[in-house]
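Quick notes on the structure that follows.
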Amino acid sequence: MAKYLLLKHYRGAPAAVNDVPMDQWTPEEISAHVQYMNDFAARLEKTGEFVDSQALAPEGTWVRYDGEGRPPVTDGPFAETKDLIAGWMMIDVDGYERAVELAGELSAAPGAGGKPIHEWLEVRPFLGCRPTITE
């Protein structure tokens with residue numbers, strides 16, 4: 001088994017097909033999206049492929065060490081940057097092909113109008129898990 005992160009981005013990926021920002025969705029559309037994500041995770045729990053998932057707020061802070069006896073330096077992140085992560089799901093699957101298959105399915109979560117988002121998800125292996133890509 002190999003662990004992967006499926007990363008959802010607020011920005012930075014190519015535009016989704018149903019590219020309406022979530023802050024413009026109705027409460028029912030948001031509920032349907034969250035339900036899809038929960039149902040997807042529950043199904044993966046049954047197969048033993050689900051590890052964990054979390055949604056992230058757009059606010060956050062970059063922190064770095066600034067030397068002995070000095071307080072940490074903080075900055076951003078800034079909502080206008082392209083690398084803002086919306087959330088993630090950690091999966092433990094047989095290999096890269098299965099991770100891609102699941103990311104493709106997760107990409108179909110409903111959005112505005114109840115239509116699939118077709119959003120781009122980033123599939124990242126944990127260090128030490130070298131994907132075998134067959135094309």
Side-chain angles (χ1 to χ4, degrees):
M1 299 289 275
K3 288 189 174 84
Y4 290 85
L5 276 180
L6 306 181
L7 293 169
K8 296 172 67 76
H9 292 265
Y10 282 113
R11 292 179 192 83
V17 173
N18 186 359
D19 195 23
V20 177
M22 189 179 255
D23 63 0
Q24 296 176 22
W25 297 1
T26 67
E28 294 78 20
E29 291 166 342
I30 292 171
S31 292
H33 180 81
V34 170
Q35 187 63 53
Y36 182 96
M37 304 292 284
N38 290 339
D39 291 347
F40 184 83
R43 188 169 50 83
L44 294 186
E45 281 179 335
K46 289 179 183 173
T47 64
E49 296 173 304
F50 179 82
V51 177
D52 196 9
S53 66
Q54 294 293 324
L56 300 172
E59 307 83 30
T61 304
W62 288 91
V63 178
R64 74 154 204 237
Y65 173 76
D66 198 37
E68 190 64 38
R70 299 180 64 173
V73 176
T74 62
D75 194 14
F78 306 101
E80 62 274 10
T81 64
K82 69 176 191 163
D83 296 324
L84 206 55
I85 297 174
W88 52 268
M89 180 176 287
M90 185 187 309
I91 57 174
D92 193 1
V93 295
D94 286 334
Y96 176 79
E97 288 80 10
R98 178 66 174 152
V100 168
E101 176 185 345
L102 291 174
E105 187 176 334
L106 191 57
S107 166
K115 296 177 184 169
I117 297 173
H118 297 279
E119 70 181 324
W120 290 88
L121 296 172
E122 184 178 357
V123 177
R124 298 275 302 268
F126 279 73
L127 202 56
C129 298
R130 299 205 177 250
T132 304
I133 301 171
T134 56
E135 294 190 38

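Keep in mind the model is a prediction, meaning the values are calculated, not measured.
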Between [X] and [Y], which heavy-atom pair has the shortest distance, and what is it?
| X | Y | result |
| --- | --- | --- |
| Pro110 | Ala32 | CG-O, 3.7 Å |
| Pro116 | Ala108 | CB-O, 3.5 Å |
| Leu6 | Ala99 | CD2-O, 4.1 Å |
| Leu106 | Tyr36 | O-CE2, 4.1 Å |

With the side chain counted from C-beta on, respond yes when [X] and [Y] share a heavy-atom pair under 4.5 Å apart, and no when they do not.
| X | Y | answer |
| --- | --- | --- |
| Asn18 | His118 | no |
| Phe40 | Phe50 | no |
| Leu5 | Met90 | yes |
| Met1 | Asp94 | yes |

With a 4.5 Å cut-off on side-chain heavy-atom distances among I, L, V, M, F, W and Y, is there a chain of contacts connecting [X] to [Y]?
| X | Y | result |
| --- | --- | --- |
| Met37 | Trp25 | no |
| Val20 | Ile117 | yes |
| Val17 | Trp120 | no |

In terms of heavy-atom contacts, does CZ of Arg98 have more than 12 from other residues, nucleotides or ligands at under 6.0 Å?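 Result for CZ/Arg98: enclosed.
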Distance in Å, [X] [atom1] paired with [Y] [atom2], rounded so as to fall on 0.5 Å steps:
| X | Y | atom1 | atom2 | value |
| --- | --- | --- | --- | --- |
| Ile91 | Leu102 | CD1 | CG | 5.0 Å |
| Leu7 | Met89 | CG | CE | 11.5 Å |
| Asp52 | Glu45 | CG | CD | 9.5 Å |
| Glu119 | His33 | CD | NE2 | 6.0 Å |
| Trp88 | Leu56 | CH2 | CG | 8.0 Å |
| Asp92 | Glu49 | CG | CD | 8.5 Å |

Look at the side chain of Gln24 and the backbone N and O of Pro21, then say whether any donor-acceptor pair between them is shorter than 3.5 Å.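 No.
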For the backbone of Pro27 and the side chain of Ser31, can you confirm whether one donor and one acceptor N or O come within less than 3.5 Å of each other?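 Judged by distance alone, yes, a pair lies under 3.5 Å.
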